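Since the structure comes first, as structure tokens, the remarks are kept for the end.
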Amino acid sequence: MSHLLIPDGPRCVTSHPNTYHTLNISPLQGAATEKPLLSGSRKLLMCAVGLALGVCAFAWGVWLSPKVHEMLVLRTANVARARPFVSQRNALETEAVSKYAVETRLMHSMPQHIYTTPKLEWFRVDHIQSMLSTPFRTLGLALISCAAIRLIWSAFGSRKKLAMLATTATKEEDQSFGVKKQALKECLRREYASLFDPFERQFYTPDVSFADPMTSFTGMEKYQSNVDMLAARTPLGKLLFSNASIQMFSVEDMGEKGLRTRWMLRLCAKILPWKPVARFTGVSEYKLDDDCKVVAQQDYWDSINLVNGRYEPQSVLTGVADFLGQLAPEQKAVSAMGAELPYLLLRRAKYYSVRQYPKRTVVKTVYQRRPEAYDRLGRYSRDAEVAPMVPALFRIPKEGDGEKTMEWPLNFAMPNRPQLEAVPAPEFDSIEVAEEDSFVVAVYEFPEEATPKNVEANAAFLEKIVERDGLKVSQYSKDKFMVAQYNAIFSLATRRNEVWCILDGLGVIFPDCHTAYLSPP
């Protein structure tokens, strides 16, 4: 199993094929209040009606107004006066028709090249003058024209508003998704810190899937059963494990609908008599749906999936072998002194580990031969009545005849105890008590004797594989060897020696490592 570190409802707008709606949605609930706006089809209808009214106004003013004028004159005239007018008009029309017939016959008898068709002059200036001369017609034309212009302007103006609302809708949807994504990040921090007690189901889909190098399954119930077993909250978990914990180092975005967390999982296999502790570091990649809920989680272990700085899938057998390898009993030499200086395990890779050591007080001395340094520091610890810790750290120049130093840690700072305890001052000038700041180192362990040849070969190998995985070795470690020894100087059993490299630029891979909780190894 692998995991990683890593308000009142925002306003968003959703779109319908024909209608835009504004929704007030709470990020954790689905309640929404719908407020419909005018649809685009209604705006097009308004535009069509406006154009129709404009055509009617034009026809009334230019073509129909003279006819209407004549009709009004005829109706308002008295009957005695109207009859002669009608008779005279009929006589004139009869004469015009007869004249037109004679002209037509004459034209047909003429040659084709001089034949001309009479023009129908329906758009005449006197029509417009007649139209404007009557206040009633002018007022009606003005009202119809204003109505047409208003409808057309409203239609086009509303389309602009709809476009603006669509843009606003997209922005508000993005803001709503961002709020939900931030809430999911906070949820993951809570779940990792409490080992998923409780498991916040509202951030996961019912068919959420999970996969790591050892197991895979689908479904929210199986997801919760898995974490409950690791946390010893089920009968099987209580039989197998104890003291499980997950420490989150970082959480970062992987595109719009993805998250990646970096973590360290620690658990004790209490079913075995020697109660070994297994540790896993790695990343979890989360895939999210449109509602920002987790639909899939893929875990990768640094110990088997990290290949040349990239995470690649491995077989289940490889994952099982890595887990069982940590449960095997170890026969190592007795520690030279007391407890080991605690550190935070940031990465457990195949050949090396990355550790963060806390701020600490050390006693150190310059030496030429190692037994000489052991004698000086041992005398100080006895006189000062302090109990040094392991490891004994040697700093040796890679070139030239520079000073070689040896140091023992005496105490260290914790998040709830940031101040270092005072220790007695040394009585000899050859011994110095100093405070060392926290640092992050890459570590390669080897069982051979710490001879100059072995130290040089192992340090070169460590630098190579660390840089291959995208980490940067500091210039200090390029100039000096750092050798850590944990066992008595003349121990005969399997020894534990290490070479260290101080790392720079860890903000990209471990952005929150400086604030992570420190636990003993």
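No hydrogens, no waters, no symmetry mates; every other heavy atom, side chains included, goes into these values. Note that the structure is predicted; figures quoted are calculated from it, not measured.
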Q: Step by step, work out the ring pair (Phe, Tyr, Trp, His ring centres under 6.0 Å) result for Y367 and Y374.
A: CA-CA 9 Å; Y367 73 94; Y374 274 109; 8.9 Å; no
Q | For R370, the option from M406, K404, Q485 that meets side chain to side chain contact (heavy atoms under 4.5 Å, CB included) | A | Q485
Q) With no hydrogens and no angle check, do the side chains of T234 and D228 hold a donor and an acceptor under 3.5 Å apart? A) no
(Q) Regarding D289 and K257, does a basic nitrogen lie under 4.0 Å from an acidic carboxylate oxygen? (A) no
Q) S303 and D322: side-chain donor and acceptor closer than 3.5 Å? A) yes
Q. Quick check, are the ring centers of F412 and Y357 under 6.0 angstrom apart?
A. no
(Q) As a quick check of understanding, evaluate salt bridge (Lys or Arg N to Asp or Glu O under 4.0 Å) for E435 and R360, giving each step before the final call. (A) CA-CA 6 Å; E435 293 184 359; R360 61 209 177 278; over 6 Å; no
Q | Those residues that, when tested against S245, pass side-chain contact (heavy atoms from CB on, under 4.5 Å) (two or more places apart) | A | R266
Q) Looking only at side chains, do S194 and D197 share a donor and an acceptor under 3.5 Å apart? A) no
Q) Thinking salt bridges, do D253 and K181 make one under a 4.0 Å N-O criterion? A) yes
Q: Tell me, please, which residues at least two apart from E498 pass side-chain contact (heavy atoms from CB on, under 4.5 Å).
A: R355, V443, E445, A484, Y486, R496, W500
**Q.** Nearest heavy atoms of E436 and K364, plus distance in Å
**A.** OE2-NZ, 3.5 Å
Q) So do the side chains of N243 and L267 get within less than 4.5 Å of each other, counting heavy atoms only? A) no
Q) Is K398 salt-bridged to E463, going by a charged N under 4.0 Å from an acidic O? A) yes
Q. Is the Y351 to Y444 ring centre distance short of 6.0 Å?
A. no
